[in-house]
Each structure stands twice: as structure tokens, then as C-alpha cells.
Amino acid sequence: MQSSSPSTPKSQNDHILLLPFLAQGHLRPFLHLAHFLNSHTPFSITLLTTPLNAANLRRQNPHPSITIVDLPFNPLELGLPPNTENTERIPLTSIITLFNATKSLEPHLRAYLTRHHHQTPPICIVFDIFLGWADNVARSFGSTGICFNTGGAYGLAAYTSIWNYLPHKNISDDEEEFSLPGFPEDRKFRRNQFHRFLRFADGSDDWSKFFQPHIRLSMKCSGWLCNTVEEIEPLGFEVLRNSLKLPVWGIGPLIGSSSDDGKNDDEGCVEWLNKFKEDSVLFVCFGSQNTVNPIQMMELAKGLEESNVPFLWVIRPPFGFDINDEVKPEWLPEGFEARVKEKKQGKLVRRWAPQLEILRNEATGGFLSHCGWNSVMEGLREGVPIIGWPLAAEQAYNSKMLVEEMGWRSRWRGVWMGGD
Ligand SMILES: O=c1ccn([C@@H]2O[C@H](COP(=O)(O)OP(=O)(O)O[C@H]3O[C@H](CO)[C@@H](O)[C@H](O)[C@H]3O)[C@@H](O)[C@H]2O)c(=O)[nH]1
């Protein structure tokens with residue numbers, strides 16, 4: 001195991017260990033949490049993750065006092081492509097393999113604790129909701145398990161309620177409205193607002209088999225942290241506290257100060273934006289792992305061009321294609337990229353753009369987003385209006401919360417457009 005910090009821990013019993021899930025949208029908030037705890041508590045902070053993720057986090061970690069430790073992880077043995085330690089470069093169809101592969105971290109975490117904390121346990125182990133087994137590990141070493149949820153409180157409350165109770169199982173019509181256990185009766189949900197994995201989940205599928213036990217294990221820990229602010233989603237906190245019967249703290253928003261992930265602005269987005277007037281450009285980005293389907297991609301391109309609105313689009317291969325492929329011209333209207341470039345209307349960025357810098361730029365006037373929670377908070381912080389196009393996970397509930405709870409209480413008629 002490799003450790004990045006040269007500093008000696010203050011003592012063995014004033015440690016907090018952090019254990020993120022293997023996705024950009026989780027690793028980054030965990031790193032922000034590490035920085036937060038490092039500057040607001042007297043404890044030594046150690047973040048444990050797989051070698052490639054650890055190396056990536058070390059590049060982003062400006063605090064030498066935060067220790068980043070490698071936990072062994074062998075993608076090939078776990079049925080994953082070589083060098084796959086993160087959801088970012090993996091086809092959505094194989095993501096369940098990665099979820100299941102994270103269970104292989106348990107013996108390595110135990111070995112780490114045996115080696116470094118056999119006499120005095122860490123004060124607590126803060127683990128990701130998708131790594132529920134870590135609570136048992138914490139208990140067996142005399143430590144305390146705390147679950148850190150990298151999403152919002154409302155989205156998480158809906159997500160956990162749906163996975164725990166599968167309330168849509170006996171609903172025959174996608175349009176039929178129903179309420180969720182734990183939510184007030186007047187908050188209605190529909191099955192066509194659910195991500196595909198959830199819509200077909202019945203307790204016996206691979207996704208249910210992963211999520212149900214992990215969520216239940218996480219619910220047995222000593223407290224939950226949410227990367228959000230209580231004032232913006234009081235209902236989410238109320239539902240969570242009532243159902244968990246645990247302390248739930250909003251400790252966000254934990255957002256980076258720049259797109260500090262080691263990938264810089266190679267494609268000159270900021271320079272391009274600087275040529276436009278205030279609030280004139282639409283930024284289109286669907287986070288680190290989601291993508292629309294080929295028909296949606298084609299229609300989105302047509303719509304963007306016909307709108308005549310300047311746009312900056314972070315583009316990836318559509319759902320069903322190799323995520324590592326180049327974007328193919330046939331996925332877009334003929335001559336699209338050259339034409340919008342010539343007209344000085346649009347810019348396509350391959351895979352990754354410095355989102356925070358873009359949202360902060362005066363020219364950015366709107367954000368077409370999948371409503372991943374980090375994107376929601378970044379958009380809110382920079383005051384950029386969001387057009388929600390949820391694609392997976394709890395994103396539909398995040399957008400529902402923005403419209404129905406935070407915004408005017410209009411009736412949410414969004415349907416699941418289903419990128420995957
Ligand atoms: O080109 C890009 C794409 C993304 N980002 C950053 O990457 C993060 C993406 O996070 P998020 O918006 O939350 O999206 P996902 O990566 O899809 O996040 C996963 O994790 C989130 C937190 O748990 C969940 O809310 C989402 O549903 C889940 O898909 C944000 O900080 C973005 O600023 C960039 O800087 N440039």
C-alpha cells in the first residue's frame with residue numbers, strides 16, 4: 001500500500017478514515033470532505049481508495065496533511081477491463097460489475113486497519129452509501145461508521161425509499177401517480193420518472209441485489225452526512241430523519257474552488273466563452289458518466305442549432321456505444337460541427353470541460369444538465385439557471401426537488417427521457 005503524505009499522524013486514535021465509492025461524482029466530494037475535515041477538526045484525515053483513483057486524487061490534493069492510501073484492486077480478476085477503477089470510462093451495461101467489484105475492498109480495508117489501527121481505532125470511518133459493508137468493518141474494529149451521501153437529501157430520501165420498498169412494483173401504468181413511503185401523501189411520483197434500472201427492479205435483479213443490502217447496511221450506522229444545505233431542501237431532511245432514526249447533518253455545499261481534477265482547459269473553453277456577451281451561452285453537460293441515446297443526441301444537436309443560441313456542449317458517445325470512442329459524424333446532423341463553428345454559434349468539447357470555470361464565466365446564461373448533485377450545487381452556487389434532463393440514478397428526484405420544493409410549486413410533468 002502506498003501513502004502520499006510524508007507527515008506523521010498526530011497519534012493513532014485521532015484519525016478519521018474516508019472511503020469513497022469509485023466514481024468521479026463521489027470521489028471529488030469525498031476529497032472536498034477531506035479538506036473540510038482537515039481544516040475544521042483536529043483529526044488526521046486519511047482517504048483510502050484504489051490505486052488509479054488515489055493517484056488522480058493526489059494530483060488534486062493541495063493539502064500534504066491529508067493522507068491518500070492505495071487499497072489494492074485488480075480489475076481483471078474482478079471481471080472488469082484493464083485499468084478500470086472508476087465508472088467514468090465504463091459502458092453503463094458493465095457498471096453493475098464495478099459496483100459488485102467494490103466489495104473486494106473489504107478485506108483490504110480490514111488489513112489496513114489491522115496494520116495501522118490494531119491498538120487504537122480511528123474515531124470514525126466515513127463511508128459511501130454504496131459501500132454499506134464498511135459499517136460492519138468500523139464496528140468490528142471498535143470505530144464508528146458514518147455514511148456520507150454525496151447527493152442531496154431529497155434525492156437520497158426518494159432513492160432509498162424506492163430501493164427499500166420498490167413501491168412501483170405493483171403499478172401497471174407508467175403514468176400512474178403514487179406516493180413514496182416516508183414522503184407526504186401529496187408528493188407524487190410516477191414510474192416513468194425512474195431510471196431504467198429502478199423501473200424494472202423487482203428485488204431479484206442484479207441492481208436490487210446490490211443496492212438493497214448496501215442501503216440497509218448503511219442505514220444501521222451511527223449517522224449520515226449529506227453534501228447539501230438544510231435550508232434548500234428541508235423536506236428531504238425531514239423524510240430522511242424520520243425514516244433513518246439517525247442524526248442527519250447537512251455539511252455542504254462541498255464544492256471545489258476550480259475544476260481541480262487534473263484535467264485542464266485543453267480545448268480553450270474559457271477563451272471561447274470570453275468572446276460572448278453576458279448570459280448568452282447555453283452550457284450542455286451530463287456529468288462524468290451519463291450520456292444520452294443516439295436519437296436524443298441527434299435531436300439535441302438539431303434543436304441547439306435551430307435555436308440560434310450560442311452553446312458549449314461537452315459531448316460523449318451516446319448510450320450503447322463504446323464510451324472511449326471518438327464522437328462519430330453520423331451521430332450528428334451532417335456538417336453540424338463545422339457549420340456551428342463557422343457561424344461562431346457552438347463549440348463541442350470532447351469528454352471533459354472545466355465545468356466550474358464555465359459556470360462561473362459571465363457569458364454562461366444557462367445550464368442544460370443531467371442534475372447530478374454536484375452539477376446542481378455548482379449551478380446554484382454560480383446562479384446559472386438549470387434546464388434539467390435527468391438521465392440516471394437519483395437525478396430525476398434532484399430535478400423534481402428543484403422545481404417542486406425549491407422553485408414555484410408547479411406540477412412537474414417531466415417524463416423519463418431515458419439516456420440509458
Ligand atoms: O466535463 C465535465 C464533466 C463533469 N465535471 C465535474 O464532474 C462533477 C460531476 O458530478 P455530478 O454532476 O454529480 O454528476 P455525475 O458524475 O453523474 O455524479 C454521480 O454522483 C452524483 C453524486 O452522488 C449523483 O448525484 C449523480 O446522479 C451520479 O451520476 C461535477 O463536479 C462537474 O463540475 C467537469 O468538471 N467537467
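First listed ligand is number 1; within each ligand, the first listed atom is number 1. Remember, it's a predicted structure, so these values are computed and weren't measured experimentally.
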request  = Flag the pair Arg339 and Glu305 as a salt bridge only when some basic side-chain nitrogen lies within less than 4.0 angstrom of an acidic carboxylate oxygen.
outcome  =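 The answer is yes: the pair qualifies as a salt bridge.
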message = One thing to verify: whether Glu337 and Lys341 come together as a salt bridge, which I'm taking to mean a side-chain N less than 4.0 angstrom from a carboxylate O.
response =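 Judged by the 4.0 Å cut-off on N to carboxylate O distance, Lys341 and Glu337 do not form a salt bridge.
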Pi-cation contact, Phe178 with Lys188 (under 6.0 Å, within 45°) = no
ask   = How are the rings of Phe194 and His168 set to each other: parallel, tilted or perpendicular (split at 30° and 60°)?
value = perpendicular
inquiry  = Can you classify the ring geometry of Phe36 versus His40 as parallel (below 30°), tilted (30 to 60°) or perpendicular (above 60°)?
reply    =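 Aromatic pair Phe36/His40 classed parallel.
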query = Short N/O distance, under 3.5 Å, between Pro354 and ligand 1?
reply =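 So ligand 1 has no N or O lying under 3.5 Å from an N or O of Pro354.
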query = Short N/O distance, under 3.5 Å, between Arg316 and ligand 1?
reply =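 No.
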inquiry  = So for Glu378, does at least one of its heavy atoms come nearer than 4.0 angstrom to any atom of ligand 1?
reply    = yes
ask   = Among the heavy atoms of His370, does any lie under 4.0 Å from an atom of ligand 1?
value =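 Yes; His370 lies near enough to ligand 1 that a heavy-atom distance drops under 4.0 Å.
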Within reach of ligand 1, part of [X] (heavy-atom separation under 4.0 Å):
X: Cys285; result: side chain
X: Val314; result: side chain
X: Ala393; result: side chain
X: Gln24; result: neither

Atoms in ligand 1 flagged as close to [X], the criterion being non-hydrogen separation under 4.0 Å:
X: His26; answer: 20 (O), 23 (O)
X: Glu394; answer: 24 (C), 25 (O), 26 (C), 27 (O)
X: Asn290; answer: 17 (O), 29 (O)
X: Gln395; answer: 26 (C), 27 (O), 28 (C), 29 (O)
X: Ser288; answer: 15 (P), 16 (O), 17 (O)
X: Asn374; answer: 10 (O), 11 (P), 12 (O), 13 (O), 22 (C), 30 (C), 31 (O)

Sub-4.5 Å side-chain heavy-atom contact between Val376 and Leu402 =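 They are in side-chain contact.
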message = Measuring from atom CG of Leu217 to atom CG of Asn136, what distance do you get when rounded to the nearest 0.5 angstrom?
response =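 So the gap between those two atoms works out to 5.5 Å.
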task = State the CG-CD distance between Leu27 and Glu85, to the nearest 0.5 angstrom.
result =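 Answer for the CG-CD pair, Leu27 versus Glu85, is 10.0 Å.
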inquiry  = Please compare Arg350, His32, Arg28 and report which has the shortest non-hydrogen distance to atom 8 (C) of ligand 1.
reply    = Arg28
request  = Please indicate whether Glu342 has more than 12 foreign heavy atoms, meaning atoms of other residues, nucleotides or ligands, lying under 6.0 Å from its CD.
outcome  = no
message = Using the rule given for ring pair (Phe, Tyr, Trp, His ring centres under 6.0 Å), can you reason through Phe21 versus Phe127, listing the C-alpha separation, both sets of side-chain angles and the distance that settles it, and then say yes or no?
response = CA-CA 8 Å; Phe21 179 68; Phe127 62 88; over 10 Å; no
